[in-house]
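Since this is a predicted model, take the numbers as computed values, not measurements. Atoms considered below: every heavy atom in the structure, side chains included; atoms not considered: hydrogens, waters and symmetry mates.
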Amino acid sequence: MLASRVIFENQNYVVCLTKAGLSVQNKRKGNGRLLPVDSPKFSEWVEAFETAIDNQESNALARAIYQT
């Protein structure tokens, strides 16, 4: 079983990896998006967060998922 964990957090977003998928919550708006585990791009997005160079890149990734 996959343990839920926060993989990125800043003043705008909280990104969590859960057994349901990749959850991106917008702190300012109080809502979010879920990229399900069975999504074809799920593994690519998780790897992108894990290999992000800095918080600015992670923020851009979170924004991209949130806006889809």
Side-chain angles (χ1 to χ4, degrees):
M1 175 183 283
L2 176 68
S4 298
R5 63 186 172 99
V6 174
I7 60 174
F8 174 70
E9 183 173 6
N10 69 2
Q11 71 277 11
N12 300 315
Y13 300 102
V14 177
V15 180
C16 298
L17 186 59
T18 70
K19 66 181 182 178
L22 193 60
S23 169
V24 178
Q25 301 297 314
N26 184 310
K27 289 181 169 182
R28 295 179 182 183
K29 294 185 178 181
N31 59 12
R33 301 280 188 267
L34 176 68
L35 182 67
V37 174
D38 60 357
S39 170
K41 300 282 185 178
F42 175 79
S43 295
E44 291 176 36
W45 281 106
V46 172
E47 183 178 348
F49 275 103
E50 291 176 344
T51 60
I53 307 170
D54 57 19
N55 283 347
Q56 189 173 13
E57 182 179 359
S58 294
N59 187 77
L61 292 168
R63 183 175 49 244
I65 293 174
Y66 177 76
Q67 292 178 343
T68 58

Residue pairs fulfilling side-chain hydrogen bond (donor to acceptor under 3.5 Å, both in side chains) with at least one residue in residues 57-68, sequence neighbours excluded
N10-N59, N12-N59, N31-Y66
Taking atom CZ of R33 and atom OG of S23, what is their separation to the nearest 0.5 Å?
11.0 Å
Who clusters with L34? Use side-chain heavy atoms, under 4.5 angstrom, across I, L, V, M, F, W and Y, and order the result by chain and number.
none
Please list, chain by chain and in numerical order, all residues satisfying side chain to side chain contact (heavy atoms under 4.5 Å, CB included) with P40, sequence neighbours excluded.
none
Can Y13 be reached from I7 by stepping across I, L, V, M, F, W or Y side chains whose heavy atoms are under 4.5 Å apart?
yes
For K27, check side chain to side chain donor-acceptor pair (under 3.5 Å) against everything at least two apart and list the hits.
E9
Is there a path from V37 to L22 through hydrophobic residues (I, L, V, M, F, W, Y) whose side chains come within less than 4.5 Å of each other?
yes
Side-chain donor-acceptor pairs of residues 43-51 under 3.5 Å, sequence neighbours excluded:
unit_1 : atom_1 : unit_2 : atom_2 : d
E50    : OE2    : R5     : NH2    : 2.9
T51    : OG1    : E47    : O      : 2.8

Between the CG atom in L61 and the CG atom in N55, the distance rounded to the nearest 0.5 Å is 11.0 Å
